[in-house]
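Bear in mind the structure is a predicted one, so any value in this text is a computation, not a measurement.
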Amino acid sequence: MSHEPTPARDLAPQFVLPLVVRIERGAPPARTDALETAARAVLVLLGDSRAVGDGEWAAAVRDWQDARIRKVVRRARGAEWRRAEALPGITVTGKAAEVRVFPPVPLDGWPKELAKLQVSGTDLDDPEPPMGADPAAPVLWLNPDLDMSAGKAMAQAGHGAQLAWWALSDEERTAWREAGFQLAVRTADPARWEELTTSGLPVVRDAGFTEIAPGSCTVVADHPALR
């Protein structure tokens with residue numbers, strides 16, 4: 001009986017990118033706003049001077065990118081959010097959403113302030129359907145056939161943004177950063193989903209650790225420079 005060799009990225013120490021979304025009891029953010037803010041938070045971290053070269057977060061970011069690109073979204077409110085804000089990281093704000101992204105940590109080495117936070121309970125809704133996406137702007141298209149919690153969808157949108165970032169030239173990355181990492185997250189029209197997944201654009205295939213089957217296509221990253 002033959003065994004496939006274990007991929008090198010699975011043998012490497014496993015790191016995770018923590019994202020914390022602020023969900024106050026009386027004023028949760030809209031779902032699409034939270035998804036877009038999480039995707040932008042990942043890009044802000046990747047584009048930060050501390051995450052590249054000899055920056056203070058660069059070694060952790062390299063270790064994380066050498067293994068499986070895991071992201072975990074947790075929720076916080078009140079004092080929990082204030083404790084999370086005191087840790088090294090970057091808070092990114094959307095229309096009303098606030099997401100704090102932290103440098104990657106070992107899978108079993110979360111700071112205690114973040115380890116206590118809940119993963120579940122990130123069920124958010126859009127009060128009204130989001131407007132159509134600007135065709136001239138980057139769009140992260142979600143698989144219309146998958147039912148993901150908001151936390152899971154935030155992580156997947158972050159993966160999609162990261163794949164787009166990797167596929168761009170330095171010049172294109174700079175232009176995106178200078179535009180404030182403008183992007184939209186939308187659910188694809190079911191009739192168009194197969195066309196998107198076979199278009200040559202970056203596709204996120206989920207490792208299947210939570211919620212959905214391994215290998216599921218979750219997001220297509222549609223950046224104008226990659227069309």
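- The residues R22 and E24 are annotated as salt-bridged, a charged nitrogen and a carboxylate oxygen being separated by less than 4.0 angstrom.
- Residue E113 holds its CD atom at 4.5 Å from CG of L87, rounded to the nearest 0.5 Å.
- Within 6.0 Å of atom CZ in R25, 12 or fewer heavy atoms from other residues, nucleotides or ligands are found, so the atom counts as exposed in its surroundings.
- The hydrophobic clustering, which links ILVMFWY residues whose side-chain heavy atoms are closer than 4.5 Å, places V61 and V52 apart.
- Note that CG of D48 and CZ of R177 are 9.0 Å apart. Values are rounded to the nearest 0.5 Å.
- With rounding to the nearest 0.5 angstrom, the CG atom of L114 is 7.5 Å from the CZ atom of R74.
- The closest side-chain heavy-atom distance from V72 to P18 is not below 4.5 Å.
- Remark: side-chain polar atoms of D33 are not paired, donor with acceptor, to backbone N or O of G94 under 3.5 angstrom.
- Checking side-chain atoms of T37 against main-chain N and O of A34 turns up no donor-acceptor pair under 3.5 Å.
- R100 contributes no side-chain N or O that, together with a main-chain N or O of A41, makes up a donor-acceptor pair within less than 3.5 Å.
- A search for side-chain hydrogen bond (donor to acceptor under 3.5 Å, both in side chains) contacts involving R77 returns nothing, not counting sequence neighbours.
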Exercise for the section: Evaluate side chain to side chain contact (heavy atoms under 4.5 Å, CB included) for R83 paired with K116, printing each intermediate quantity in order. Expected result: CA-CA 11 Å; R83 284 193 291 271; K116 292 176 184 172; 5.6 Å; no
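- Between A157 and V219 the shortest heavy-atom distance is N-CG2, 4.2 Å.
- Closest of all the heavy-atom pairs between L124 and A150 is N-CB, 3.8 Å.
- With contacts defined as side-chain heavy-atom distances shorter than 4.5 Å, the pair E85/W81 qualifies.
- Here I69 contributes atom CD1 and F15 contributes atom CZ; the two are 11.5 Å apart, rounded to the nearest 0.5 Å.
- Contact check for P104 versus D63: no side-chain heavy atoms found under the 4.5 Å cut-off.
- For the pair C217 and W193, the tightest heavy-atom approach, listed with the atom from each and the gap, is O-CZ2, 3.6 Å.
- The minimum heavy-atom distance between V20 and A76, with the atom names listed, is CG1-CB, 3.6 Å.
- Considering NE2 of H223 and CG of L163, their distance stands at 13.0 Å, rounded to 0.5 Å.
- Once rounded to the nearest 0.5 Å, the distance linking CZ of R31 with CG of D123 reads 8.0 Å.
- Taking every heavy atom of both residues into account, L140 and A161 meet most closely at CD2-N, 3.8 Å.
- At a threshold of 4.5 Å between non-hydrogen side-chain atoms, the residues N143 and S216 do not count as touching.
- Using a 4.5 Å heavy-atom cutoff, the side chains of V99 and M154 are in contact.
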Exercise for the section: Quick one: do L201 and W141 satisfy side chain to side chain contact (heavy atoms under 4.5 Å, CB included)? Show the steps, please. Expected result: CA-CA 11 Å; L201 292 167; W141 294 107; 5.9 Å; no
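- Proximity of the aromatic rings of W165 and F181 is defined here by a centroid distance below 6.0 angstrom, and this criterion is met.
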Exercise for the section: Determine, step by step, whether V42 and L19 satisfy the side chain to side chain contact (heavy atoms under 4.5 Å, CB included) criterion, reporting the C-alpha distance in whole Å, the side-chain angles of both residues, the deciding distance to 0.1 Å, and the verdict. Expected result: CA-CA 9 Å; V42 171; L19 293 150; 4.3 Å; yes
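- Smallest separation of non-hydrogen atoms from P135 and R227: O-NH1, 2.8 Å.
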Problem - Worked verdict on I90 versus R50 for side chain to side chain contact (heavy atoms under 4.5 Å, CB included) - result: CA-CA 11 Å; I90 307 167; R50 290 168 287 184; 3.7 Å; yes
I'd like a table of donor-acceptor pairs (distance under 3.5 Å, sequence neighbours excluded) in which one partner is a side-chain atom from residues 183-192, with atom names and distances.
{"residue": "R186", "atom": "NE", "partner": "M131", "partner atom": "O", "Å": "2.7"}
{"residue": "R186", "atom": "NH1", "partner": "E36", "partner atom": "OE2", "Å": "2.8"}
{"residue": "R186", "atom": "NH2", "partner": "M131", "partner atom": "O", "Å": "3.0"}
{"residue": "D189", "atom": "OD1", "partner": "A191", "partner atom": "N", "Å": "2.8"}

